[in-house]
Amino acid sequence: MTKDDIANALDEIGTLLALKGENDFKCRAYHAASRTISQLEEDVNKLIAAKRLGSVRGIGEALVEKITTLATTGKLPYLEELRASIPPGLFDILRLPGVGPKKVKALHDALGIDSLAKLKTACEAGEVAKLKGFGEKTAEKMLAGINFLDTVGNRVRFDKGFALGEQLLDRIRTFPGVIRAELCGSLRRRRDTVKDIDIVVSTEPANAAAIMEAFVKLPEVMQVIGQGPTKSSIVAELSLGQSKVVLNADLRVVTDEQFPVAVLHFTGSKEHNIRLRQRAIERGYSLNEYALTGGPKSFADEAAIYKALDLVWVPPELREDTGEIEAAEKNELPELVEVKDIRGVFHNHTTESDGTATLEEMAAAAQELGLEYLGIADHSLSLTIANGLSPTRVKRQWAAIDTLNKKLKGLTIFKGSEVDILEDGSLDFNDELLAGFDYVVASVHTLFALSEEAQTARVCKALSHPAVTMLGHATGRLLLRREGYKLDLDKVLEAAAAHGKMIEINAQPDRLDLDWKYVKRAKALGIPLVINPDAHSTDGLALYPYGVNVARRGWLTKAEVFNTRSAAEVTKELVRRKSVS
DNA sequence: GCCGTTTTCGGCCCGACTGTTTTCAGTCG
């Protein structure tokens, strides 16, 4: 059982208990434990073996027992009994906006509703509106929710959400009376996917109503969910080329004095905020979205609020309650890597395999971006679907790179390959050819359906090969579209650490693979990370900042990201690695 | 369910908005 499996089980228990009408704090304890387990940097089995699981914050006697049972037997009778007592269709109903566990339970208890289909029928028959605590509007909203379930309320990729958020923000900043406006929430925290857009604006109170009116009438508005004097919610849409992005967007209006506190509050995460409020209470204050009651009256910026709570300013990407409060207390937060620190990238394709730009065009684009070096890593022989290179074509490409390197000023091209990891964990080129590359990115592109055990062994074996420099897109996931292949990532990270390999943070917005939680674990194991755009075009090269977001969420400093080094340092290190292999 | 320098019970972050009520529960973030 992986951490994620255990975390999913605990999360499910929390939801099942809520649907049964259990004490909300008990449910929250399970959800909190789920988060804690999924973000654990240590191996959960080691914690169990060392009898240290109970010392983890939020995990007490009862949870130690359940987690131990899960981890050692792969099953949990308690969860199975809960599942048997709750119809699975209730989870679907729970997804409707404005419908929580209490309403789901009431519908089930009173009308026996256990599926969206039955709920729809009951709403249309007027049965739901007659229930105590329900009414016509509730029934209408549920019907609307059922119809919109496919488009609204779903998470979207960060880059798409950010595009819509920035567009709304730009428009809001032009409203009369707006003093300051910021994107908050998960967009500001740079999460890989987002569920909504949070925007905070400051103004004189007299302008608030007019700003709300203008907001709900923006051209992007599909639907107005709510409109009050200080808060309005809409469903907004934006066309992005072929695709369309639809998201909820909330706007909060505050005075300019309240602005820094409001931005802090709406940046979240919820868990980070809870810790800050507890800290405020310990100091005799009370923190809400408007002020730190009992403390300083006004704040120049967020840092001043943190200071009042005896903390240094925490970068938004770290605000997940995964140790940042403790680190901020001791002034031990890392100095996070920045986009400007990236001096080159390694995993990129050309027209030789499945890219759309030639070697020369890619080089020109890299120079345009101000990069010092560009690694070319086209696909290897067996990946015929991507026009993988034969050894002959590889050698021809090397000659082309040598020629280009003589001509170029200020840009070094490195000779790499994205070599397929074959089924048995061996590599798709022979050792002699592999030795001729400056570096090798090893990736899985086939046989996604192998068992976890086989897949893990396959990747770990590849990592033991002396020619391999780094592991490409570790899990093969496509955000919101495809799960990664089954893999014990903790074992993979340990193998990478043992063999001194690097791991890529694939910056493609639909991959962002390695996930930030594992980036943190890789950091703890001392594994160097490399931010790669996996570019298949000149435009694709410019995607690496999305990988920087992941690196920052994984607490990485400049020194922990290999491609922040200069071309000369990179050359030296790649040569050194080849000499020891 | 967890937790403890107001310790083994009684708390558990805080507020806006909606729809149902007639003072509030539920949901959301």
Side-chain angles (χ1 to χ4, degrees), chain A residues 10-11 13-14 16-18 20-34 36 53-67 78 93-107 128-142 145 153 184-189 191 194-200 208 212 224-234 248-254 258 261-262 264-282 284-293 309 319 321:
Chain A
L10 296 177
D11 203 52
I13 293 172
L16 286 165
L17 289 173
K20 276 187 102 85
E22 246 310 346
N23 177 314
D24 193 39
F25 292 107
K26 184 169 169 177
C27 303
R28 270 161 53 178
Y30 278 97
H31 290 302
S34 166
T36 302
L53 189 56
S55 61
V56 176
R57 187 163 54 86
I59 297 183
E61 209 177 324
L63 276 160
V64 167
E65 197 194 315
K66 291 193 175 75
I67 293 167
Y78 178 69
I93 302 175
L94 201 51
R95 288 189 58 215
L96 295 173
V99 179
K102 299 273 164 56
K103 284 207 175 87
V104 174
K105 185 173 190 303
L107 289 166
V128 171
K130 282 185 279 185
L131 277 185
K132 184 170 158 55
F134 290 69
E136 289 292 342
K137 286 200 172 173
T138 306
E140 269 171 40
K141 283 202 163 184
M142 284 178 171
C184 299
S186 47
L187 285 173
R188 184 163 180 243
R189 301 201 312 280
R191 277 195 58 169
V194 300
K195 197 160 68 73
D196 61 8
I197 295 166
D198 293 290
I199 300 175
V200 176
M212 285 305 179
V224 179
I225 299 170
Q227 186 184 353
T230 65
K231 173 186 171 179
S232 292
S233 299
I234 60 164
N248 287 319
D250 291 342
L251 181 69
R252 299 292 295 240
V253 180
V254 297
Q258 294 165 335
V261 186
L264 173 68
H265 172 86
F266 289 107
T267 298
S269 66
K270 188 173 70 175
E271 291 78 13
H272 182 83
N273 284 351
I274 288 172
R275 293 294 302 278
L276 291 184
R277 296 212 183 111
Q278 287 168 341
R279 238 183 133 76
I281 291 169
E282 286 163 19
Y285 310 144
S286 170
L287 180 63
N288 62 19
E289 58 248 65
Y290 305 115
L292 183 66
T293 308
L309 298 172
R319 300 181 192 173
D321 189 23

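Labels below follow one simple rule: chain letters A, B, ... track the order of the sequence lines, proteins then strands, and each chain is numbered from 1.
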Enquirer: Can you tell me how far P of dC28(B) sits from NE2 of H265(A), to the nearest Å?
Expert: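 One finds 16 Å between P of dC28(B) and NE2 of H265(A), rounded.
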Enquirer: Roughly how far apart, to the nearest Å, are dC2(B) and dT8(B) at atom C1'?
Expert: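 Approximately 12 Å lies between the C1' atom of dC2(B) and that of dT8(B).
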Enquirer: Name the nucleic acid region contacted by K105(A), choosing base, sugar-phosphate or nothing; use a 4.0 angstrom heavy-atom cut-off, strictly under.
Expert: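 Touches nothing.
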Enquirer: Once you round it to whole Å, what is the distance between C1' of dG11(B) and CD1 of I274(A)?
Expert: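 Checked: the CD1 to C1' distance equals 15 Å.
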Enquirer: When rounded to the nearest Å, what value does the distance between P atoms of dC9(B) and dC14(B) take?
Expert: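 These two P atoms come out 25 Å apart once rounded.
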Enquirer: When we call it a touch if two heavy atoms are under 4.0 Å apart, what does L10(A) touch: a base, just sugar-phosphate, or nothing?
Expert: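 If one applies the 4.0 Å heavy-atom cut-off, L10(A) turns out to touch nothing in the nucleic acid.
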Enquirer: Are the side chain of R279(A) and the backbone N or O of L309(A) linked by a donor-acceptor pair below 3.5 Å?
Expert: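 Pair found, side chain donor or acceptor close to backbone of L309(A).
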Enquirer: Are the side chain of S186(A) and the backbone of R189(A) linked by a donor-acceptor contact shorter than 3.5 Å?
Expert: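 No; judged by distance alone, with no hydrogens or angles, the pair does not exist.
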Enquirer: Nearest 0.5 angstrom please: Q227(A) CD to M212(A) CE, how far?
Expert: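 It is 7.5 Å, given to the nearest 0.5 Å.
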Enquirer: What is the nucleic acid contact for I59(A), judged by heavy atoms within less than 4.0 Å: base, sugar-phosphate only, or nothing?
Expert: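 Sugar-phosphate contact only - I59(A) comes under 4.0 Å of backbone atoms but never of a base.
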Enquirer: With DNA chain B as reference, determine whether N273(A) or D196(A) sits nearer its 5' end, using the nearest nucleotide of each.
Expert: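 Nearest nucleotide further toward 5': that of N273(A).
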Enquirer: Please give, in whole Å, the distance from dC14(B) P to E271(A) CD?
Expert: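 Distance, rounded to whole Å: 16 Å.
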Enquirer: Which heavy atom of K103(A) sits nearest to which heavy atom of G98(A), and what is that distance?
Expert: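 K103(A) and G98(A) have their closest heavy atoms at NZ-O, 3.5 Å.
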Enquirer: Could you state the CG-P distance from D24(A) to dC28(B), rounded to the nearest angstrom?
Expert: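 Nearest whole value for this atom pair: 12 Å.
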Enquirer: Provide the distance between the two C1' atoms, one in dG26(B) and one in dT20(B), to the nearest whole Å.
Expert: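 Roughly 10 Å separates the two C1' atoms.
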Enquirer: What interatomic distance, in whole Å, is found between C1' of dT18(B) and the corresponding atom of dT23(B)?
Expert: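 dT23(B) and dT18(B) have their C1' atoms separated by 15 Å.
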Enquirer: List in chain and number order the residues that pass salt bridge (charged side-chain N to carboxylate O under 4.0 Å, His left out) with E65(A), two or more places apart in sequence or in another chain; answer none if no residue qualifies.
Expert: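 Expected list: none.
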Enquirer: Give one of base, sugar-phosphate or nothing for F25(A), where a contact means two heavy atoms less than 4.0 Å apart.
Expert: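 Base: the residue F25(A), judged by heavy atoms under 4.0 Å, touches a nucleobase.
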Enquirer: When you get a sec, tell me which of dT27(B), dG1(B), dG29(B) is the closest nucleotide to the side chain of K102(A)?
Expert: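 In terms of side-chain proximity for K102(A), the closest of dT27(B), dG1(B), dG29(B) is dT27(B).
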Enquirer: Both I281(A) and V99(A) contact DNA chain B. Which one's nearest nucleotide lies toward the 5' end?
Expert: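 The answer here is I281(A).
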Enquirer: For nucleotides dC17(B) and dT22(B), find the distance between their P atoms and express it as a whole number of Å.
Expert: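 dC17(B) and dT22(B) have their P atoms separated by 23 Å.
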Enquirer: Given that both distances must come in under 3.5 Å, which nucleotide forms a Watson-Crick or G-U wobble pair with dG1(B)?
Expert: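 Looking at the geometry, dG1(B) pairs with dC12(B).
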Enquirer: With P as the reference atom in both, quote the distance from dT6(B) to dG1(B) in angstrom, rounded to an integer.
Expert: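 Going atom to atom, P in each nucleotide, I get 28 Å.
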Enquirer: Looking at T267(A) and C184(A), would you say the former's side chain and the latter's main chain have a donor-acceptor pair under 3.5 Å?
Expert: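 No, the answer is negative, given that no donor and acceptor are paired below the 3.5 Å cut-off.
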Enquirer: With sequence neighbours excluded, tell me which residues meet side chain to side chain donor-acceptor pair (under 3.5 Å) with S232(A).
Expert: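 For S232(A) there are no side chain to side chain donor-acceptor pair (under 3.5 Å) partners, ignoring immediate neighbours.
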Enquirer: If you measure from CG on L63(A) to CD1 on I13(A), what distance do you get to the nearest 0.5 Å?
Expert: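 The distance works out to 8.0 Å.
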Enquirer: Give the rounded distance in Å between these two atoms: CZ of R189(A) and P of dG29(B).
Expert: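 Answer to the nearest Å: 12 Å.
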Enquirer: Pull up the glycosidic torsion of dT7(B) and say syn or anti, syn being anything within 90° of 0.
Expert: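 That one's syn.
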Enquirer: Calculate the interatomic distance between I67(A) atom CD1 and dC2(B) atom C1'; express it in whole Å.
Expert: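 Distance, rounded to whole Å: 12 Å.
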Enquirer: Rounded to whole Å, please give me the gap between CD in Q278(A) and C1' in dG4(B).
Expert: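 That distance rounds to 13 Å.
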Enquirer: Taking T36(A) for its side chain and A32(A) for its backbone only, find out whether a donor-acceptor pair lies under 3.5 Å.
Expert: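 Here the side-chain-to-backbone pair exists.
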Enquirer: Rounding to a whole Å, what distance do you find between R28(A):CZ and dG26(B):P?
Expert: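 Taking atom P of dG26(B) as the reference, CZ of R28(A) is at 15 Å.
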Enquirer: In whole angstrom, give me the gap between the C1' atoms of dT7(B) and dG15(B).
Expert: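 My reading of the C1' atoms in dT7(B) and dG15(B) gives 30 Å.
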Enquirer: If you check every side-chain atom of Y78(A), which of dT27(B), dG1(B), dG29(B) has the closest atom?
Expert: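 Among dT27(B), dG1(B), dG29(B), the one nearest the side chain of Y78(A) is dG1(B).
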Enquirer: Classify every nucleotide of nucleotides 15-23 of chain B by which part a protein heavy atom approaches to under 4.0 Å, writing B for the base, S for the sugar-phosphate alone and - for neither, in 5'-to-3' order.
Expert: SSSSSS---
